[in-house]
Number of protein chains: 2
Amino acid sequence: MDDIARHVGLSRTTVSFVINGRTDVQISDKSRQRVWDAVKELGYRPNAGAQSLASKRTNLIGLITDITASPFGGGIIHGAQKAAWELGKLLLIVSSEGDSAMESAALEMLLGRRIEGVIFATQSHRLITLPDSASEVPTVLVHCFDQARAFPSVLPDEISGGYIGTRRLIEAGHRRVALINLDPGLPATVGRQIGYERALAEAGIPVDPRLIATGHATATGGFQCTAALLELEQAPTAIFCGTDRMAMGAYDAIKERGLRIPQDIGVVGYDNQEIIASFLRPPLTTVALPFDQMGAAAIGMLAALASGATGEQLILSGPLIERASA
Amino acid sequence: MDDIARHVGLSRTTVSFVINGRTDVQISDKSRQRVWDAVKELGYRPNAGAQSLASKRTNLIGLITDITASPFGGGIIHGAQKAAWELGKLLLIVSSEGDSAMESAALEMLLGRRIEGVIFATQSHRLITLPDSASEVPTVLVHCFDQARAFPSVLPDEISGGYIGTRRLIEAGHRRVALINLDPGLPATVGRQIGYERALAEAGIPVDPRLIATGHATATGGFQCTAALLELEQAPTAIFCGTDRMAMGAYDAIKERGLRIPQDIGVVGYDNQEIIASFLRPPLTTVALPFDQMGAAAIGMLAALASGATGEQLILSGPLIERASA
DNA sequence: TTGTAAGCGTTATCAT
DNA sequence: ATGATAACGCTTACAA
């Protein structure tokens, strides 16, 4: 920067003003132009670290997550990254492997880098315990929540998801709609069932407990539940699966019985895992989680927190992705 | 840091030495202890940015990639992250969306942060064009290469992959092994076919061109190719698919004809996409890409470059993941 | 074994 | 409209 200043015969101060495009200082257009020319000519590139040190703004945001290892929920990173970029912030992503000692260590090092905020994101909707140092910096939780629900968080609307999936099946003419839910007690499980029952109630269909199964979130889980449901005396004509993986298993069980999708049995999945949903035959209609928006929203909340806003809880609902199974 | 120094009645210098654990300076154990105690007590945390500014080492490595958006190849990030962490380096990950203007902008900003090296990683094995500024900093390419092959790179061993997949099928007793390859001309396509032919040659099986198909890397592509292959007069008894997605389609075509896997037809996939491979029925035996190692190797190469090594080209081969389809 | 002092590359506060 | 000068929080010769 000194070089630039010397080169154009101005002071460092002036150069700094020009480069930062400050409008509150009067600098002649001629000087401005000369500075920029020199910048080009000398190939000058401001040192962000030095800027941070002097200005006390690092423009760094931490993202601690267990997502990088898995194919799941990458949209969160994606959405956050994009939103951060637009705000001129850089995301420092650290994968915690879901290990809380690691999370703690990661946060320490990020605090050493003087991040202005931190996001904790998980690949499944669940409870986490935060490192103590989380209270030292604005914190937002994505797809997870802390015991005391003390931190602002961005969560998917499980109820709405359960509702729209079920309603889609009802609209297709089904009255006996089964729900293959995830393991009991999970936030997703609870919420989706509420949505499911709400949709049935709205259509005047009584809830039949025999049509509600729970299983592991795997193809095998889906296969077994579906097989059992199809054995029922009054078997369902539609099945709403808790995950696309389960739907994958459901397809097998259905095809094995020579039934066709969606003519004989309608199927709706959950998660919109492209890789499964769009390559299943027929392509799977499924409820998507709004991962991108969740990530972006987290950045937005952090920005809001920085300007004095108070932390809320944001519930985002995802759309139904129509393909061909319902 | 001044606070610490004052608190223990020593100079900043001494405190700095203690904190950096410098062994080339003699400092009494007593002083050391007192410094650490004060650090704890005052909750002091070194400012990494200031350290970088003074020491001219940022410990920052850039990773520009199109991977974050997709479920694919996340292992690269994972492996790189882990390796970097162990070296005390922080990975600055930016997703380029595969857009080269974006890549350029990302690199500019990373250079502003004074990264000590940069990694370009892609989700598919392909050619990329690097921003000009790439020459300003040590650069390593992962899963991709530049026109002039001027930059050191880490690539998967496509030949070995083609070889081990084919050999597995031959070892299972098959003599008519089909290859459903990816679109012609891709590095993966070419390499794998070489490996395929090598395995056949080794077993004394002549290459039958009718058994070599190419299609799009989708379930539909796999389905169509498989269907055509099974119509052949001398149909194959084993199929080696270019991707797990294609294998997914192959499964459908095979099952549709009432054939069983692996009893009637052996299938091997490529990619080891957990989500597909382990949930297909039967679980898919497939060739894995060594993404984790590739990411870690890239960090290793960057470290080597920093200590004066010259850039090579590293070819890493992945293992065959045995499940139940062959 | 410890301390002094000069940077590192910026921004920010005042002057002029 | 522009410039001096003092931070920012640390490292590192060089001295003592």
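Computed from a predicted model, the values in this text were never measured in an experiment. Chain identifiers are assigned alphabetically (A, B, ...) following the order of the sequence lines, protein sequences preceding nucleic acid strands; residue numbering begins at 1 within each chain.
The side-chain hydrogen bond (donor to acceptor under 3.5 Å, both in side chains) search around B:Q81 returns none, not counting sequence neighbours.
Remark: A:S31 is not in phosphate contact with D:dA1, judged by side-chain N or O atoms under 4.0 Å from OP1 or OP2. For the pair B:S11 and C:dT2, the criterion of a side-chain N or O lying under 4.0 Å from OP1 or OP2 is not met.
Pairs passing the ring-ring contact (aromatic ring centres under 6.0 Å, His included) check and including a residue from residues 43-66 of chain B, sequence neighbours excluded, do not occur.
Checking side-chain atoms of B:S95 against main-chain N and O of B:E97 turns up no donor-acceptor pair under 3.5 Å. Of the possible donor and acceptor atoms, one in the side chain of A:S11 sits under 3.5 Å from a partner among the backbone N and O of A:T14.
Here the closest heavy-atom approach between residue A:R113 and residue B:S52 is recorded as NH1-OG, 4.1 Å.
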Open item on the list: So if I define the base as every atom that isn't primed, P, OP1 or OP2, how would nucleotides 8-16 of chain D read as a B/S/- string at a heavy-atom cutoff under 4.0 Å?
Closed with: BBBBBB---
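In this pair, B:H125 and B:F145 present their aromatic rings perpendicular. The plane angle is above 60°, beyond the 30 to 60° band.
Taking atom CG of residue A:L10 and atom P of nucleotide D:dA4, one finds them 11 Å apart after rounding to whole Å. For the pair B:R57 CZ and C:dG7 P, the computed distance is 22 Å after rounding to whole Å. Whole-Å rounding puts the A:N59 CG to C:dT10 P distance at 15 Å. Put simply, CG on A:D24 is 13 Å from P on D:dA1, counting in whole angstrom units. Between the CD atom of B:Q26 and the P atom of C:dG3 there is a distance of 15 Å, given to the nearest Å.
If you check every strand for non-hydrogen atoms under 4.0 Å, B:G112 touches nothing.
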